[in-house]
Protein chains: 2
Amino acid sequence: MGKTSEFIIKPDPADERLTEKVQGVDQDGQAVTTSVTVERPLTLFLNSQEIVTMMTICDYPEFLAVGYLVNQNMLAPGDEVTAIEFEEDIETVVVRTTQETNFEDKLKKKTLTSGCAQGTVFGDLMEKFDEVKLSPEVKLKTSDLYSLVKKINTAPSLYLEAGAIHGCVLCKGDRPILYMEDVGRHNAVDKIAGYMFLNEMSGEDKMFYTTGRLTSEMVIKTVQMGVPILISRSGFTAWGVDLAKQADLTLIGRARGERFLVLSGDHRIEYD
Amino acid sequence: MGKTSEFIIKPDPADERLTEKVQGVDQDGQAVTTSVTVERPLTLFLNSQEIVTMMTICDYPEFLAVGYLVNQNMLAPGDEVTAIEFEEDIETVVVRTTQETNFEDKLKKKTLTSGCAQGTVFGDLMEKFDEVKLSPEVKLKTSDLYSLVKKINTAPSLYLEAGAIHGCVLCKGDRPILYMEDVGRHNAVDKIAGYMFLNEMSGEDKMFYTTGRLTSEMVIKTVQMGVPILISRSGFTAWGVDLAKQADLTLIGRARGERFLVLSGDHRIEYD
């Protein structure tokens, strides 16, 4: 439970590639300088197949690439990734696997998902969803939740530096472990999934925190990562709640200060 | 300038199809009932070609369908829409035009855009961007901006009722005209574009207000709609600012109460 296990990865607002200074004027016509987040295109290939072009802050292109493929069910837990090649100058990342695969059919079926977490979901969104059994044993103490939310909100971040960004945090108990930010929340989720896949980190004893809304896509991705508890400072959508109930996911929304609302799986909450 | 020209369309939080009551528990373990937004899938066809499946609150499927096609450059100003058929039971909307088109090539190229406004952009994102000339004559008085923001924030909305939703408003001077909400901000933009297309409403003397961030996609869509001023209560991304400067779009962010920040095109602001 030492400090060493908090924030294996956290935002680095001092990284000069991630923000840019821009001149502007304020409500009184006074000149001001402000920081804005820089987004870049990144085209992802799986072996020789072009999959998608993403807009990202590009701090962890390798995790983003692998996590995207994992969350689209294009990489399975047993698959061996032999190389990940990020070519900064041509804004490309190539993920190589031992077994070549073809996702032509998957790439044809597009669904625009809702909410801030959105992006495109190829193929069958729900492919693995029904098979996942989330651990009923994991519990969340309300005191740990309040402590966790405070640590996340006070950690230096691009959000505090420049705004206009989403954050996702993989946590255990009251410890934030992986804190990723990106212009699209789906990227932040994918970067965490990529780290977990490459480091064989299990989600079953963890919790997932997000700044964005609890949409269907967010619920599906959390369940697919095997994480039994999902926490947000924002609100809910009806389909998100339905899916959470179906998977027995603990769904906590509007978590601010010492307040929150649970709309599914409240058996994992311990009020202390 | 009478009241009649305010809010031709505004949110209808009383519409029972748009929200659902859900039971949950709060931070003290007390049972609570809350409203959540309902999202539904809607599959869009252009004539016989399946284009995309969107998640939407589905209050204006016809405007959403047409606006999506307009913003993807699949419908041009001269094109004649002969019918829009919304089939609620099979969650489908078909847009029919006099001239059949084929967008196979366009549909193959996918870019995931960033930010809350994201979604998939097919084909060349920037197709029309460089051709648009935004009116330099339109001015925005700071007093009108403050009055406008207040009207928008105090209008009854799904946001105030259930949260977890984005809003976009087409405005003129201090008058909000079209106020659309949806689970994804791109849908709210598209519904406004669809209304404008079908009602031959010009954007050149208007302003666009959004609750979400000023990303590249938001700037591109505003410019493509010919609207010279874009306002948000959220922040900026670097590429959004670059594109706004390139198109001489007035870009106003962090507009809350009587404060704001302009990072492009401040010649359209009149401080009064």
Side-chain angles (χ1 to χ4, degrees), chain A residues 19-20 22-29 32 34 36-41 52-56 107 110-116 118-120 142 162-166 182-184 186-187 212-216 234-241 253-254 258-264 266 269 271, chain B residues 19-20 22-29 32 34 36-41 52-56 107 110-116 118-120 142 162-164 166 182-187 212-216 234-241 253-254 258-264 266 269 271:
Chain A
T19 55
E20 207 174 276
V22 180
Q23 311 293 326
V25 292
D26 70 6
Q27 62 280 350
D28 304 315
V32 284
T34 189
V36 295
T37 307
V38 176
E39 49 180 345
R40 304 163 205 278
V52 75
T53 297
M54 302 176 273
M55 294 304 304
T56 171
L107 290 168
K110 289 164 293 288
T111 301
L112 290 191
T113 59
S114 60
C116 279
Q118 84 222 334
T120 307
T142 51
I165 201 152
H166 275 291
D182 214 310
V183 278
H186 52 111
N187 287 344
R213 294 167 293 153
L214 296 166
T215 59
S216 50
S234 298
F236 305 86
T237 67
W239 196 25
V241 175
R254 303 182 201 152
E258 305 208 342
R259 298 190 64 165
F260 64 86
L261 196 56
V262 192
L263 295 190
S264 165
D266 65 314
I269 311 280
Y271 300 89
Chain B
T19 55
E20 207 175 275
V22 179
Q23 311 293 326
V25 290
D26 70 6
Q27 64 279 350
D28 304 315
V32 286
T34 189
V36 295
T37 308
V38 176
E39 47 180 347
R40 303 164 207 276
V52 76
T53 298
M54 302 177 273
M55 293 302 305
T56 171
L107 290 169
K110 288 164 294 288
T111 301
L112 291 192
T113 58
S114 61
C116 278
Q118 84 221 336
T120 306
T142 51
H166 276 291
D182 215 310
V183 278
R185 192 178 49 165
H186 53 112
N187 286 344
R213 293 167 291 156
L214 296 165
T215 59
S216 50
S234 298
F236 305 85
T237 67
W239 196 26
V241 174
R254 303 181 200 155
E258 305 207 344
R259 300 191 62 166
F260 64 86
L261 195 57
V262 193
L263 295 189
S264 166
D266 65 314
I269 310 281
Y271 299 89

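Chain letters run A, B, ... following the sequence lines, proteins first and then strands; every chain starts at 1. Heavy-atom basis, side chains included; hydrogens, waters and symmetry copies ignored.
Between chain B and the residues A/Gly235, A/Pro41, A/Gly253, A/Ala164, the largest count of heavy-atom pairs under 4.5 Å involves A/Ala164. The residue among A/Glu258, A/Arg254, A/Glu20, A/Arg259 with the most heavy atom pairs within less than 4.5 Å of chain B is A/Arg259. If you tally non-hydrogen atom pairs under 4.5 Å between each of A/Val38, A/Thr142, A/Asp182, A/Thr34 and chain B, the highest count goes to A/Thr34. Highest contact tally toward chain A, considering only B/Leu263, B/Val241, B/Val25, B/Leu261, is held by B/Val25 [criterion: heavy-atom pairs under 4.5 Å]. Highest contact tally toward chain A, considering only B/Ile269, B/Thr19, B/Val22, is held by B/Val22 [criterion: heavy-atom pairs under 4.5 Å].
For the atom pair CE (A/Met55) and OG (B/Ser216), the distance works out to 5.0 Å, reported to the nearest 0.5 Å. Separating the OG1 atom in B/Thr37 from the CZ atom in A/Phe236 is a distance of 11.5 Å, to the nearest 0.5 Å.
For the pair A/Arg40 and B/Trp239, the minimum side-chain heavy-atom distance is 4.5 Å or more. Considering only heavy atoms from C-beta on, B/Val36 stays 4.5 Å or farther from A/Thr237 through its side chain.
A donor-acceptor pair is defined here as one N or O able to donate and one able to accept, closer than 3.5 Å; such a pair exists between the side chain of A/Arg213 and the backbone of B/Val183. A donor-acceptor pair under 3.5 Å is formed between the side chain of B/Gln27 and the backbone N or O of A/Phe260.
In this structure, chain A has a heavy atom under 4.5 Å from the side chain of B/Val32, while its backbone stays farther away.
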